Amino acid sequence: LRYSENISPDGKRSQPYQDVERKVVLQRVVRGYIEELIDGPCLVDDNGDCVPGTESQISRTVPEWLETYYVYDVYGQLRYILPPKLVTGSNPTESQLNTYAFRYEYDAEGRQIKAKKPGADWDYFVYDRWGRQVLSQDALQRTRFEWSFVKFDRYNRAIASGIYNTTKSHATLQSEVTAFSGRYESKTNNAVGYTLNGTYPNTVSANDLMVISYFDTYDFLGYPGWDADANNYSFNLPAGFTGDRVELTLDYSTGGKVRVIGQDLWLNAVTYYDRDGQPIHSVTENHLGGTDRATFEYDFTGLILKSLLN
């Protein structure tokens with residue numbers, strides 16, 4: 001093992017211990033300082049032993065360490081994080097692990113398929129054949145038979161996410177996702193702006209979506225039904241600001257939609273950039289039905305000179 005000691009500006013000490021692969025296996029931090037008694041000087045006899053009645057003790061200040069252990073399997077994958085509350089004893093029970101430990105499980109490809117936080121139930125994760133996490137579920141969602149899903153475009157960018165309702169098990173979903181051959185969603189001229197059957201789950205609809213993201217262009221502004229309130233999202237710098245929007249926005253995040261939880265209401269947003277790739281103007285719909293416009297101007301180093309929200 002190798003370790004180092006770090007002292008923060010306010011005097012807090014920590015000691016990370018690493019194995020030969022530089023993985024942290026123990027993290028020690030000073031909780032505080034305590035006084036302890038140790039044997040002091042005494043008179044000794046010819047045998048080098050203390051003469052009874054001459055013993056003494058002295059007090060010294062020592063750090064009180066809190067220790068967190070990191071446990072790995074033979075493949076170098078983190079399986080447990082054992083916090084100080086659990087480390088104080090030995091051979092923790094399953095109940096103690098459930099209450100205090102962080103726990104992780106992996107599949108044969110080394111992907112984290114289950115994770116557990118102290119005091120909570122397991123979180124589940126499902127991956128497609130390209131290693132992308134497409135489904136996840138926490139304990140509360142499990143009681144409602146819900147899974148959070150993510151959909152991707154041809155460039156592996158997350159373009160939509162939402163809730164998928166199913167009673168299928170974790171193992172069944174992983175098998176179905178692995179077998180599904182669709183890799184991406186395509187752009188389409190509708191209120192969503194994308195197909196929804198190109199990736200798993202391929203049975204969801206626009207009603208299941210919670211977030212939609214757009215990249216590269218502003219074509220979505222012309223899609224029928226994209227903005228139910230017919231707000232104005234055009235580029236319009238206020239007086240006192242200079243700058244030109246760039247037309248070439250390849251790989252830029254140009255806009256998005258977020259659903260208001262529990263309502264059939266979407267809040268839309270559009271972002272415009274200058275030739276240096278800096279956002280200079282954004283238009284965001286608010287919950288009152290209007291829009292908020294934010295404008296920025298930069299100096300030659302990229303620092304904001306001034307901004308306006310109206």
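The shown structure was predicted, so the numbers you read here are calculated from the model rather than taken from an experiment. Note: hydrogens, waters and symmetry copies are ignored here, and every other heavy atom, side chains too, is used.
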| When you look at CG of Asp244, are more than 12 heavy atoms from neighbouring residues, nucleotides or ligands closer to it than 6.0 Å? | no

| field | Expected output: side-chain Gln27 to main-chain Ser14 donor-acceptor under 3.5 Å | value | no

| query | Is the closest basic N to carboxylate O distance between Lys116 and Glu94 below 4.0 Å? | reply | no

| In this structure, are over 12 heavy atoms from other groups packed under 6.0 Å from Arg22 atom CZ? | no

| request: Examine Leu78 and Phe102 and state if one hydrophobic cluster contains both, with Ile, Leu, Val, Met, Phe, Trp and Tyr joined whenever side-chain heavy atoms are less than 4.5 Å apart. | output: yes

| Does one hydrophobic cluster hold both Tyr106 and Tyr80, with members joined at side-chain heavy-atom distances below 4.5 Å? | yes

| request: Treat each ILVMFWY residue as a node, draw an edge where side-chain heavy atoms are under 4.5 Å apart, and state whether Val270 and Val258 are in one component. | output: no

| said: Can you tell me how far apart CG (Asn286) and CG (Asn268) are? Round to the nearest 0.5 Å. | reply: 11.5 Å

| task | Could you check if a side-chain atom of Asp128 sits within less than 4.5 angstrom of a side-chain atom of Arg183, using non-hydrogen atoms only? | result | no

| message | Using 0.5 Å steps for rounding, measure from the CZ atom of Phe296 to the OH atom of Tyr273. | response | 11.5 Å

| More than 12 non-hydrogen atoms from neighbouring residues, nucleotides or ligands closer than 6.0 Å to CZ on Arg31, yes or no? | no

| field | Gap separating the CZ atom of Phe125 from the CZ atom of Arg111, nearest 0.5 angstrom | value | 13.0 Å

| Among Tyr218, Tyr194, Trp266, Tyr233, which one satisfies ring pair (Phe, Tyr, Trp, His ring centres under 6.0 Å) with Trp226? | Tyr233

| query | Do any pairs count as a salt bridge (Lys or Arg N to Asp or Glu O under 4.0 Å) and have a residue in residues 296-310, sequence neighbours left out, and if so which ones? | reply | none

| task | Work out which heavy atom in Thr271 is nearest to a heavy atom in Ser253; give both atom names and the distance. | result | CB-O, 4.1 Å

| message | Could you measure the distance from the OG1 atom of Thr68 to the CG atom of Leu82? Nearest 0.5 Å is fine. | response | 8.5 Å

| field | Close side-chain approach of Ile81 to Tyr104, heavy-atom, < 4.5 Å | value | yes

| request: With side chain to side chain contact (heavy atoms under 4.5 Å, CB included) as the test, would you mind laying out the steps for Lys23 and Tyr70 before giving the verdict? | output: CA-CA 9 Å; Lys23 296 192 298 290; Tyr70 300 79; over 6 Å; no

| Heavy-atom side-chain proximity of Phe241 to His281 below 4.5 angstrom | no

| task | Output yes when a side-chain donor or acceptor of Lys12 lies under 3.5 Å from a complementary backbone atom of Asn6, and no otherwise. | result | no

| task | Give the other cluster members for Ile163, using side-chain heavy-atom distances under 4.5 Å between Ile, Leu, Val, Met, Phe, Trp and Tyr residues; answer none if it is isolated. | result | Met210, Val211, Ile261

| Same cluster or not: are Tyr184 and Leu135 linked, directly or through other Ile, Leu, Val, Met, Phe, Trp or Tyr residues, by side-chain heavy atoms under 4.5 angstrom apart? | no

| Cys42 side chain near Ser56 side chain, heavy-atom distance below 4.5 Å | no

| note | For Ala230 and Asp227, the nearest pair of non-hydrogen atoms, with its separation, is N-OD2, 2.9 Å

| field | Sidechain-backbone polar pair: Asp19 side chain, Glu21 backbone, donor-acceptor under 3.5 Å | value | yes

| query | Counting N and O atoms only, with roles assigned by atom type, does the side chain of Asp138 sit under 3.5 Å from a partner on the main chain of Leu140, one being a donor and the other an acceptor? | reply | yes

| Under 3.5 Å, is there a donor-acceptor pair between the side chain of Asp229 and the main chain of Asn231? | no

| task | Could you check if a side-chain atom of Glu146 sits within less than 4.5 angstrom of a side-chain atom of Gln137, using non-hydrogen atoms only? | result | no

| Between Asn189 and Gly222, which heavy-atom pair has the shortest distance, and what is it? | OD1-O, 4.4 Å

| query | Taking atom types as modelled and ignoring hydrogens, do the side chains of Thr61 and Glu35 form a donor-acceptor contact shorter than 3.5 angstrom? | reply | yes

| query | Do you see a donor-acceptor pair shorter than 3.5 Å between the side chains of Gln174 and Thr178? | reply | yes

| query | Going through the checks in order, is the ring pair (Phe, Tyr, Trp, His ring centres under 6.0 Å) test met by Tyr214 and Phe220? | reply | CA-CA 8 Å; Tyr214 304 98; Phe220 57 88; 4.4 Å; yes

| Is the shortest heavy-atom distance from the side chain of Thr242 to the side chain of Leu237 under 4.5 Å? | no

| message | A quick test of your reading: do over 12 heavy atoms of other residues, nucleotides or ligands sit less than 6.0 Å from OH of Tyr33? | response | yes

| field | Within 6.0 angstrom of Tyr223 OH, more than 12 heavy atoms from elsewhere | value | yes

| request: Drop me the distance from Asn310's CG to Thr291's OG1, to the nearest 0.5 angstrom. | output: 8.5 Å

| Worked check of side chain to side chain contact (heavy atoms under 4.5 Å, CB included) between Glu105 and Trp122 | CA-CA 10 Å; Glu105 293 188 7; Trp122 289 94; 3.9 Å; yes

| said: Please enumerate all residues that pass ring-ring contact (aromatic ring centres under 6.0 Å, His included) together with Tyr124, with sequence neighbours excluded. | reply: His170

| query | Hey, are the side chains of Gln96 and Leu86 touching, using non-hydrogen atoms and a 4.5 Å cut-off? | reply | yes

| Just checking, any donor-acceptor pair under 3.5 angstrom between side chains of Asn236 and Ser234? | no

| Taking the side chain as C-beta and beyond, is there a heavy-atom pair between Ser148 and Gln141 under 4.5 Å? | yes

| request: Please indicate whether Arg275 has more than 12 foreign heavy atoms, meaning atoms of other residues, nucleotides or ligands, lying under 6.0 Å from its CZ. | output: no

| Taking all atoms of both residues into account, what is the closest heavy-atom pair of Ser205 and Leu196, and its distance? | C-CD1, 3.6 Å

| Nearest heavy-atom neighbours spanning Val51 and Val44 | CG2-C, 3.8 Å

| request: From the options Arg142, Lys114, Lys117, select the one residue that forms a salt bridge (Lys or Arg N to Asp or Glu O under 4.0 Å) with Asp123. | output: Lys117

| message | Between Lys187 and Asp219, does any NZ, NE, NH1 or NH2 come within less than 4.0 Å of an OD or OE carboxylate oxygen? | response | no

| message | Please check this pair: side chain of Thr195 against backbone of Ser186, looking for a donor-acceptor N/O pair closer than 3.5 Å. | response | yes

| Quick check: are there more than 12 heavy atoms from other residues, nucleotides or ligands sitting under 6.0 Å from CG of Asp46? | no

| message | Under 6.0 Å between ring centres: does that hold for Phe235 and Tyr272? | response | yes

| query | Any sub-3.5 Å donor-acceptor pair from Arg259's side-chain atoms to Leu209's backbone N or O? | reply | yes

| field | Gap between atom OH of Tyr164 and atom CG of Asp208 - 0.5 Å precision | value | 9.5 Å

| query | With hydrophobic residues grouped by side-chain heavy-atom distances under 4.5 Å, do Tyr252 and Phe215 end up in a single group? | reply | yes

| query | Do Asn98 and Arg103 have side-chain atoms, one donor and one acceptor, less than 3.5 Å apart? | reply | yes

| message | Asp216 vs Leu250, test: side chain to side chain contact (heavy atoms under 4.5 Å, CB included). Steps then yes/no. | response | CA-CA 4 Å; Asp216 304 332; Leu250 185 64; 3.8 Å; yes

| query | Does Tyr72 reach the main-chain N or O of Val24 with its side chain, forming a donor-acceptor pair under 3.5 Å? | reply | yes

| said: Testing the basics here: between Lys257 and Ala191, what is the closest heavy-atom pair and its distance to 0.1 Å? | reply: CE-O, 4.1 Å

| query | Looking at Arg157, Arg154, Lys151, which hits salt bridge (Lys or Arg N to Asp or Glu O under 4.0 Å) with Glu185? | reply | Lys151

